[in-house]
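All values derive from a computational prediction rather than experimental measurement. Residue numbers begin at 1 in each chain, while the letters A, B, ... track the order of the sequences.
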There are 2 protein chains.
Amino acid sequence: MFERPLNREATVADVARRAGVGKSTASRALGSYGSVSSEVRLRVLAAAEELGYRPNEVARSMNTGRSRTLGVIVSDIENPYFSVAMRGISDAANASRYNVILANTSENLEAEIHAVRVFLDKRVDAIIVAPSSAYQIEHLKAIRTSGRPLVLLDRKVPGLDAVSVEISIAPAAHEATSRLVELGHTRIAYISSLQTDGDSFAGFPLGISSVEDRLHGILDALEEAAIRPDPELIRFKVVTMERTAEVIEELFHLADPPTAILASDSTIARDILLALRERDVGIPANVSVIALDDFPWSPLTAPPLTVVSPPIYEAGFAAAVAAIEAIEERTAKPVALQARVIYRDSHGPAPTHSTR
Amino acid sequence: MFERPLNREATVADVARRAGVGKSTASRALGSYGSVSSEVRLRVLAAAEELGYRPNEVARSMNTGRSRTLGVIVSDIENPYFSVAMRGISDAANASRYNVILANTSENLEAEIHAVRVFLDKRVDAIIVAPSSAYQIEHLKAIRTSGRPLVLLDRKVPGLDAVSVEISIAPAAHEATSRLVELGHTRIAYISSLQTDGDSFAGFPLGISSVEDRLHGILDALEEAAIRPDPELIRFKVVTMERTAEVIEELFHLADPPTAILASDSTIARDILLALRERDVGIPANVSVIALDDFPWSPLTAPPLTVVSPPIYEAGFAAAVAAIEAIEERTAKPVALQARVIYRDSHGPAPTHSTR
DNA sequence: TTGTACGCGTTATCAA
DNA sequence: TTGATAACGCGTACAA
């Protein structure tokens, strides 16, 4: 069914022979560099056309040492966050005639280490990664040691020689939290899927910038309002739908349950909405819900979701642009983007005790 | 900032020298093929370890002619349909130690042709594609001519020597349509984003199997119920949000407007829901809506959406498995999967005239 | 302007 | 079991 072709592909040598010129002359004519008489050029081009010549990019990479390929490592391409970022990366890469090779890690460090190794072996020109850990970074350092640029998508890792494309969520998270406070909320929960492996501060994990960032925005807003953050209301490592339901259950059984819930990302937001619907909790009548992430369906949920919307397409695009700049110019500037709040109907005044 | 490394990577020759053996002996020891005395093997492995040797996959591809890479061509990775399929492809590829390289085409034939050329030049081992046209297939034929397997994702193209992974929507589309008929609907619209370039039959485009498939399911169900399909109600090439709003507008200004709308995919479904909300049309009180596609947020829309759910992760996985089989075994079996209907709350009885 | 010859890092061939 | 050598297809220094 899938036999190999009998006649192999035409090479530069074949084209040269047919055009009756030397190999390097053909090579120059095809690559349009150096100097070739226009008469010869036409003859070479014609010969190439006739033979259906196509350059072998593998051979080309072999002696240029460059592959015009960007390696992209994300936790899950299925997540709209990363698929949108990927589209941005892909569009930017395409515009500069680069290709994109993808690896999913499921937030698994071993998989990430493996992906880096494979990409390095394949001689990608640069690697774009949303790292799962800010502490185990030997493999990321290895990228730099190999002489290839490294671009950090969204998450910043201290002590690493890399370009980072950051999306600052803090100001928007601050704004959203303050809005909740204005509406009378004092018991505000934050549920995050983050599995961190680093230090923690007062029970809060630290180290991965995007998390610190979100948390700072929230905590600062609470502090301004003189509301003491309750560790009971801040939950990490909530990774499955089941765990989300459990956490929601626990939160509502607290002596003083939350009146608002902040979701760290769209998956958590979905699971929270599902769990609340299961329990028949009215939104926003009984609880306000705000997602610290956006996704295409956010205007259409019941009720339409108030979100902190990060410009991820732009971030992906910027990451690829930075990677290509670093490859070609040996330098690239870090990028900082800002999320913004989109107010819709999933938040409202804090319920009074009588309505609860 | 991003200087090239001073000391280049260790090669087989370096390892061989350090271990005090010949280049080919080292190569055999590292690749664990041929025969090497265990004493020498250990020495070579130790030397490789010390030098931090890593094989150069580009050089390897160069003379094996294989790259352990699958090229994947989709219209838009941002679309959950393709991002989920991509995850399936990626997981299956990963399990067999293959890599995945991605191209987006935005349903643009030129981009698809370009992507094929690039992938061929890069010597991918096989190409998985959801083709945008069933007629312009020279570039797809070129894949086969080059001796590489071609796997068609979701869409079947006649007259092409390729393995296809099909998702049959027809039975589920039939079932969903019949359900609508049972509920009293006789005016059922179908809105599709498909931009086809082929023949049409009674104004309906034909040729791309997944479309014929959906349409057949719907038309068969109508025929069984002795309802004559109205070409006015069947709309193709609805690709933008604006166009969707226009089409909705047009449909509702018909003398006999639809009481149910079938959406071809999740993007169209989103735009339809948005347009209906804009017009304040009650779902399902005034119109029933069913999507012929599923996506993670379908249970959480207002109202929860009745959908025809295609197993796309499985389709992606199967496509990659078939591609790898074709590469390694020279043959692969086509795969046929079935979508199923998930009944939720966006469909209901046809409104009586008095309520309209 | 043109052509020859070599290098890139690997695997494959083959004689020792 | 081993190692010298060729081959993959391209770019490119260098000489003509």
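- Using a 4.0 Å heavy-atom criterion, one finds that A:Val58 contacts no nucleic acid atom at all.
- Residue A:Lys23 contributes atom NZ, which lies 13 Å from atom P of C:dG7 at whole-angstrom precision.
- Checking the phosphate oxygens (OP1, OP2) of D:dG11, no side-chain nitrogen or oxygen of A:Thr64 falls inside 4.0 Å.
- Contact check on B:Arg155 versus B:Glu107 returns a salt bridge, with a Lys/Arg side-chain nitrogen under 4.0 Å from an Asp/Glu carboxylate oxygen.
- A donor-acceptor pair is defined here as one N or O able to donate and one able to accept, closer than 3.5 Å; no such pair exists between the side chain of B:Asp125 and the backbone of B:Leu70.
- The residue B:Thr11 sits close only to the backbone: its heavy atoms come under 4.0 Å of sugar-phosphate atoms, none of a base.
- Distance from the side chain of B:Met62 is smallest for D:dG9 among the nucleotides D:dC10, D:dG9, C:dT11.
- The pair A:Asp91-A:Arg87 meets the salt-bridge criterion, since a charged nitrogen lies less than 4.0 angstrom from a carboxylate oxygen.
- Ranked by how close their nearest DNA chain D nucleotide is to the 5' end, A:Tyr53 and B:Val21 are led by B:Val21.
- At a cut-off of 3.5 angstrom, counting only N and O atoms as typed in the model, there is a donor on one side and an acceptor on the other between the side-chain of B:Ser24 and the base of D:dG3.
- Among the atoms of the strands shown, base atoms are found under 4.0 Å from some heavy atom of A:Ser35.
- Taking atom CG on B:Asn56 and atom P on C:dT11, their separation rounds to 10 Å, with Å as the unit.
- Taking 4.0 Å as the cut-off between side-chain N and carboxylate O, B:Asp14 and B:Arg18 do not count as a salt-bridged pair.
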Under 3.5 Å, which N/O atoms of the protein pair with N/O atoms of nucleotides 14-16 of chain D?
none

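- As rounded to whole Å, 19 Å separates atom C1' of C:dG9 from atom CZ of A:Arg60.
- Summarising the geometry, the separation between CG on B:Leu30 and C1' on C:dA12 is reported as 16 Å, rounded to the nearest angstrom.
- For the pair B:Arg54 (side chain) and A:Asp121 (backbone), a donor-acceptor distance under 3.5 Å is absent.
- Put simply, CZ on A:Arg41 is 13 Å from C1' on C:dT2, counting in whole angstrom units.
- Between B:Glu328 and B:Arg97 there is no salt bridge, since no side-chain N of the basic residue sits under 4.0 Å from a carboxylate O of the acidic one.
- At the heavy-atom level, B:Ser37 lies under 4.0 Å from the strands shown only through sugar-phosphate atoms.
- Counting to the nearest Å, the C1' atom of C:dG9 and the CD atom of B:Glu57 are 11 Å from each other.
- Of the candidate nucleotides D:dG9, C:dT2, C:dT1, C:dT2 has the atom nearest to the side chain of A:Val40.
- Between the P atom of D:dA7 and the CG atom of A:Asp14 lies a distance of 15 Å, rounded to the nearest Å.
- C:dC8 atom P lies 18 Å from atom CZ of A:Arg66, rounded to whole Å.
- Between B:Lys122 and B:Thr69, every side-chain heavy-atom pair lies at or beyond the 4.5 Å cut-off.
- In this structure the side chain of A:Ile327 reaches within 4.5 angstrom of the side chain of A:Arg66, judged on heavy atoms.
- Each of B:Asn63 and B:Gly20 lies near DNA chain D, and the nucleotide nearest B:Gly20 is the one positioned closer to the 5' end.
- The side chain of A:Thr25 has C:dG3 as its nearest neighbour among C:dG3, D:dC10, C:dT10.
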